[in-house]
Amino acid sequence: MIEDELRAAFARIEESTPPVGPVRAAVERAVITRRRRRRRVRLASTALAVAAVALVGFTAMAPRPPAPTAAPALPTPVPEPTGALNLLLLGVDQPAGSRRADSVLLVHLPADRSRLYLVSLPRDLLVPSQGGTEKLNATFSRAAGSGTDLAAGYRTTREAVARLTGVRVDAGAVLTYPGARELTDAVGGVPVCLPEPVRSVHTERRFPAGCQRLDGAAAVDLLRQRYGLRDGGLDRDRNAARYAAGLLNQFREQGTATDPAQLGRLLLRVGSAVTVDTGDLSLPALVAASGRAAAAEPVGLSFPVDFDDWTGRGFEPDPTLAPGFLDALRADRLAQWAAAHPDRVTALR
């Protein structure tokens with residue numbers, strides 16, 4: 001009896017049990033969904049791991065800010081030198097052989113920093129030397145030898161200029177023709193104003209009278225010209241002063257005249273084509289001193305020479321005008337001398 005009752009009970013339970021097929025299909029669907037979810041989790045974890053590695057790698061390569069310390073000290077102001085200053089700028093010619101200083105420019109900064117005075121010293125000016133006299137440009141080649149030691153050539157010429165003028169040369173620079181070309185192009189060209197047209201005997205290039213902007217190649221071509229000019233090398237010196245005035249104008253407009261960092265970057269760009277000697281002054285101090293003076297238009301002056309006594313050996317100082325000019329330079333009174341001798345002022349504009 002009990003066996004029969006158990007069979008009947010199992011039969012009723014089996015009838016009430018849902019079909020296995022749908023249940024199995026539902027179980028399989030759940031398993032597949034779970035597997036996909038696990039795969040997505042694994043992929044997401046992998047992506048997070050890659051992102052973390054990338055972030056760690058970037059953080060390792062990126063500069064880390066310094067640990068906080070005491071408040072940084074304010075930069076110490078650069079003390080501007082007082083009194084008049086004299087800077088010597090030399091433009092030298094061919095890169096090989098016996099280099100000579102074709103352009104010699106003494107830049108005078110008066111004590112009041114009112115403006116710059118660009119004093120052209122003729123390269124053929126006779127200056128005292130051991131055993132007599134020699135041309136000013138020969139002092140450079142005598143010390144520079146084959147032309148590689150620009151600093152030695154500058155020092156010897158600086159000493160000759162100091163003996164001639166009786167003033168201290170505080171700083172200066174040597175600029176080669178390749179350097180002039182690179183410097184001109186670096187500042188976007190230099191404006192130069194010529195009183196008369198110039199024709200190059202080297203390239204047949206023609207420079208019209210009036211103001212024009214020269215690129216590096218044209219500027220070097222102009223600076224080399226002396227043949228065919230009315231006063232020969234003296235006119236070339238005047239054109240060098242006009243170029244220097246145009247370069248100062250570019251410095252003033254671009255802010256280089258008052259920014260030591262910008263000037264330093266410019267000097268790095270032209271590289272070994274420029275040799276700079278700041279003497280006892282730092283570059284920031286020198287820029288601070290010349291910056292105010294460069295705010296006004298410079299005045300061009302030519303050292304007085306006895307042009308009528310030219311013999312081919314060199315120029316002698318003008319016995320009438322040179323003593324008064326040198327006295328004014330030493331006493332920082334070039335403004336008064338220029339006003340009294342307007343015919344000796346070079347037109348830069």
Side-chain angles (χ1 to χ4, degrees), residues 86 88-95 97-108 117-145 147 150 152-167 169 172-177 180 195-196 198 200-202 220-244 300-326 329 341 343-346:
N86 296 285
L88 182 63
L89 304 181
L90 304 179
V92 300
D93 54 7
Q94 70 269 18
S98 179
R99 255 178 175 165
R100 293 176 180 270
D102 271 352
S103 299
V104 183
L105 196 65
L106 185 67
V107 182
H108 178 76
Y117 292 87
L118 310 181
V119 181
S120 299
L121 301 176
R123 69 168 199 164
D124 293 330
L125 180 62
L126 295 175
V127 295
S129 67
Q130 297 178 353
T133 60
E134 64 180 342
K135 291 182 179 180
L136 181 58
N137 68 342
T139 61
F140 188 92
S141 60
R142 175 165 51 83
L150 300 181
Y154 166 80
R155 288 192 297 269
T156 305
T157 304
R158 179 191 63 194
E159 294 167 1
V161 170
R163 287 194 302 268
L164 170 72
T165 61
V167 299
V169 177
V174 179
L175 183 65
T176 64
Y177 280 154
E196 297 178 354
V198 176
S200 170
V201 300
H202 304 288
V220 170
D221 198 4
L222 176 66
L223 293 173
R224 296 178 65 197
Q225 302 308 313
R226 62 188 176 101
Y227 295 110
L229 303 183
R230 181 179 302 178
D231 288 342
L234 297 181
D235 275 340
R236 177 170 64 180
D237 293 340
R238 298 182 184 110
N239 288 338
R242 294 181 178 106
Y243 169 82
L301 298 171
S302 296
F303 182 85
V305 296
D306 192 355
F307 188 71
D308 295 332
D309 193 32
W310 170 257
T311 61
R313 192 174 63 90
F315 287 116
E316 294 280 358
D318 188 309
T320 303
L321 294 176
F325 174 84
L326 291 174
L329 176 63
H341 302 86
D343 57 323
R344 297 288 174 165
V345 176
T346 300

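By convention here, the first residue in the shown sequence is residue 1.
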Is [Y] close to [X] at the side-chain level, that is, under 4.5 Å between some pair of heavy atoms?
| X | Y | result |
| --- | --- | --- |
| Asp235 | Val198 | no |
| Leu105 | Asp237 | no |
| Val104 | Phe140 | no |
| Pro122 | Leu136 | no |
| Leu223 | Tyr243 | yes |
| Leu329 | Asn86 | yes |
| Val119 | Thr165 | no |
| Leu222 | Arg224 | no |

Derivation of the side chain to side chain contact (heavy atoms under 4.5 Å, CB included) call for Val305 and Leu125: CA-CA 8 Å; Val305 296; Leu125 180 62; 3.8 Å; yes
For [X] and [Y], work out which heavy atoms get closest and say how close.
| X | Y | answer |
| --- | --- | --- |
| Arg313 | Lys135 | O-CE, 3.1 Å |
| Ser200 | Asp221 | OG-OD1, 2.8 Å |
| Ser120 | Ala241 | OG-CB, 3.9 Å |
| Ala180 | Val220 | CB-CG2, 4.1 Å |

Atom [atom1] in [X], atom [atom2] in [Y]: separation rounded to 0.5 Å?
| X | Y | atom1 | atom2 | result |
| --- | --- | --- | --- | --- |
| Glu134 | Ser141 | CD | OG | 8.0 Å |
| His202 | Tyr227 | NE2 | OH | 8.0 Å |
| Thr176 | Leu90 | OG1 | CG | 12.0 Å |
| Leu326 | Leu321 | CG | CG | 11.0 Å |
| Glu316 | Asp306 | CD | CG | 8.0 Å |
| Asn137 | Leu121 | CG | CG | 12.0 Å |

Flag, side chain of Thr157 to backbone of Tyr154, donor-acceptor distance under 3.5 Å: no
What residue among Leu106, Leu301, Val345 forms side-chain contact (heavy atoms from CB on, under 4.5 Å) with Tyr117? Leu301
Run through Thr133, Thr139, Val161 and flag the one making a side-chain contact (heavy atoms from CB on, under 4.5 Å) with Val127. Thr139
Ion pair present between Arg238 and Asp231, side-chain N to carboxylate O less than 4.0 angstrom? yes
Decide whether Arg242 and Asn239 meet the rule of one side-chain donor and one side-chain acceptor closer than 3.5 Å. yes
Is there a side chain to side chain contact (heavy atoms under 4.5 Å, CB included) between Leu118 and Thr346 once you walk through the steps? CA-CA 9 Å; Leu118 310 181; Thr346 300; over 6 Å; no
